[in-house]
Participant: 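First the structure, then my questions, so here it is.
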There are 2 protein chains.
Amino acid sequence: MITNKNCIIRLSRYKNSLHRLKTLGFVKVFSDNLADAVGVTSEQVRKDFSLFGITGNKRGGYTVDALTEKLNTILGKDRVQNVIVVGLGNIGTALTKYRGFEKECIKITAAFEADAAKCSRKTAVPILPVEEMPEYIRKNSIKIGIIAVPDVAAQQTADIMIGAGIRGILNFAPISLRCSEDVVINNVNLELELESVIYFVNTMPVTESTASK
Amino acid sequence: MITNKNCIIRLSRYKNSLHRLKTLGFVKVFSDNLADAVGVTSEQVRKDFSLFGITGNKRGGYTVDALTEKLNTILGKDRVQNVIVVGLGNIGTALTKYRGFEKECIKITAAFEADAAKCSRKTAVPILPVEEMPEYIRKNSIKIGIIAVPDVAAQQTADIMIGAGIRGILNFAPISLRCSEDVVINNVNLELELESVIYFVNTMPVTESTASK
DNA sequence: TAGATTGTTAATCGATTAACAATC
DNA sequence: TAGATTGTTAATCGATTAACAATC
């Protein structure tokens, strides 16, 4: 089983690049084309493909359509993935409205919020009281959830979600969530991402090209 | 020079945990305490510290205050880090309003937007026309920027920012930005983060504890 | 002192990169 | 065929983990 997140992310990037190449009229692509488009080496592309049993034609590369279909199947893009959002602060609201998910076959079907004043069943994505979440998850067999609640509520929210049947969480609360091995948690911590940029900028030597600016 | 992003992120986590431990009344901590708090091993903690020349007392662990100060200095938290945001769509707006940065000594001093109708100098964080960005960067010696513009505008935006003196970028546009070696770019792609969760959920074997749910 | 904890060195592990045989 | 490209195997690299001497 492939457990390397970077590898999956690269697969998604290949898929996105393929889409662009198709728009440009490409019918076949070589590992070299995809490598250039994504910014990796062609060996990396072929290695990734071989891990998933994707084969091309020696000398002939890969057919864009066939490759796209294979990648879509692997990435679960052959069907709509229903996702819920919990917590409608700044980040949660932005994600609920975010248009970038649609084209990736990801549909946010509902959002949940503790503050009753923010709830509404009439918005494009219904905003429901957080108490209704477990029932909603069970009734609609939701497997994926996004956490955007304050840090103090995040672990409890995760536990409730997992208890109701959620198996994968994208967490934006600035704490590392813990869970059993059979649930996937991907922690995205915006402060930490920015802090690492700040660190590298502050420690990077000033080079010729940046000195005068 | 340390180039390992994960290591820097762990350092930030140690710092955050230390803050919480201090609140609980801790005066000294052992590598084991921090390891538990962050979810790594104590060897990892000590190894990370040794990379940065942080030493404790054999048998006595680390003094919370001294350690906090050392970590803050390494992470640049001994002074305010000024940051700008470009693009006021859903994500950019959320980041501009986001309160989580303040406590980390990160200050968003201005936001830039192409749509003049969205601009305003009267908001808490001024929203300025994107044309004014290069001048603003130069005048205020801004080194760090957040990109939250549509994908088609992202590379051009980055080039302009770098040309004006920006040396580190946190990029939320769903393309991988390219730049010279002396600029740090951290690409945070929300679709890809969610897609990797979806992949692992869809491929993970259903275990006893998740089967019935 | 005895016991616990640090800090460093060595071993392991996994991912990336390189090399190259297979073959279209 | 000759040349180009794939796909796999081996080598390298870097990060994590383990082991353990030093010492408070």
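Chain identifiers are assigned alphabetically (A, B, ...) following the order of the sequence lines, protein sequences preceding nucleic acid strands; residue numbering begins at 1 within each chain.
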Participant: May I have the distance from A/Tyr14 (atom OH) to D/dT6 (atom P), rounded to whole angstrom?
Facilitator: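 Answer to the nearest Å: 12 Å.
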Participant: For a side-chain hydrogen bond (donor to acceptor under 3.5 Å, both in side chains) with A/Ser31, tell me which candidate from A/Lys47, A/Glu43, A/Arg46 qualifies.
Facilitator: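 Going through A/Lys47, A/Glu43, A/Arg46 one by one, the side-chain hydrogen bond (donor to acceptor under 3.5 Å, both in side chains) with A/Ser31 is satisfied by A/Arg46 alone.
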Participant: Can you tell me if A/Gln155 and A/Asp159 form a side-chain donor-acceptor pair at under 3.5 Å?
Facilitator: yes
Participant: Output the pairing pattern of DNA chain C as a dot-bracket string, 5' first, Watson-Crick or G-U wobble with both distances under 3.5 Å, | for cross-strand pairs, [ ] for crossing pairs.
Facilitator: ..||||||||||||||||||||||
Participant: In this structure, are over 12 heavy atoms from other groups packed under 6.0 Å from A/Lys103 atom NZ?
Facilitator: yes
Participant: Any donor-acceptor pair under 3.5 Å linking the side-chain atoms of A/Asn171 with those of A/Asn187?
Facilitator: yes
Participant: Return yes if a side-chain donor-acceptor contact under 3.5 Å exists between A/Tyr136 and A/Thr109, otherwise no.
Facilitator: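 Yes.
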Participant: Could you check if a side-chain atom of A/Ile54 sits within less than 4.5 angstrom of a side-chain atom of A/Leu67, using non-hydrogen atoms only?
Facilitator: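 They are in side-chain contact.
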Participant: Under 4.5 Å between any side-chain heavy atoms of B/Ile84 and B/Met133, yes or no?
Facilitator: yes
Participant: For the pair made of CD1 in B/Ile54 and P in C/dG7, what is the distance, rounded to whole Å?
Facilitator: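 Checked: the CD1 to P distance equals 10 Å.
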Participant: For a salt bridge (Lys or Arg N to Asp or Glu O under 4.0 Å) check, start with the C-alpha distance between B/Glu191 and A/Arg13, then their side-chain angles and the critical distance, and finish with the verdict.
Facilitator: CA-CA 10 Å; B/Glu191 287 100 321; A/Arg13 290 195 202 278; over 6 Å; no
Participant: Mind checking A/Tyr62 for me? I need base, sugar-phosphate or nothing, with any heavy atom below 4.0 Å counting as a touch.
Facilitator: sugar-phosphate
Participant: Does A/Glu195 come within less than 4.0 Å of B/Lys5, counting only side-chain N to carboxylate O?
Facilitator: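 Judged by the 4.0 Å cut-off on N to carboxylate O distance, A/Glu195 and B/Lys5 do not form a salt bridge.
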Participant: Check the side chains of B/Asp65 and B/Thr63 for a donor-acceptor pair under 3.5 angstrom, ignoring hydrogens and angles.
Facilitator: no
Participant: Only counting residues at least two apart or in another chain, list the ones meeting side chain to side chain donor-acceptor pair (under 3.5 Å) with B/Glu69.
Facilitator: none
Participant: Using the test side chain to side chain contact (heavy atoms under 4.5 Å, CB included), find all partners of B/Cys179 that sit at least two apart in sequence or belong to another chain.
Facilitator: B/Ile162, B/Val183, B/Ile185
Participant: Pairs under 3.5 angstrom, nitrogen or oxygen only, protein versus nucleotides 9-15 of chain D, please.
Facilitator:
residue : atom : partner : partner atom : Å
D/dA15  : O5'  : B/Asn4  : ND2          : 3.2

Participant: Salt bridge or not for B/Lys139 and B/Glu135, using N-O below 4.0 Å?
Facilitator: yes
Participant: Please list, pair by pair, any protein nitrogen or oxygen found under 3.5 Å from a nitrogen or oxygen in nucleotides 19-24 of chain C.
Facilitator:
residue : atom : partner : partner atom : Å
C/dC24  : O4'  : A/Lys58 : O            : 3.4

Participant: Let's see if you get this right: which residues in residues 20-36 of chain A place a heavy atom under 4.0 Å from DNA chain C?
Facilitator: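 Contacts with DNA chain C under 4.0 Å: none.
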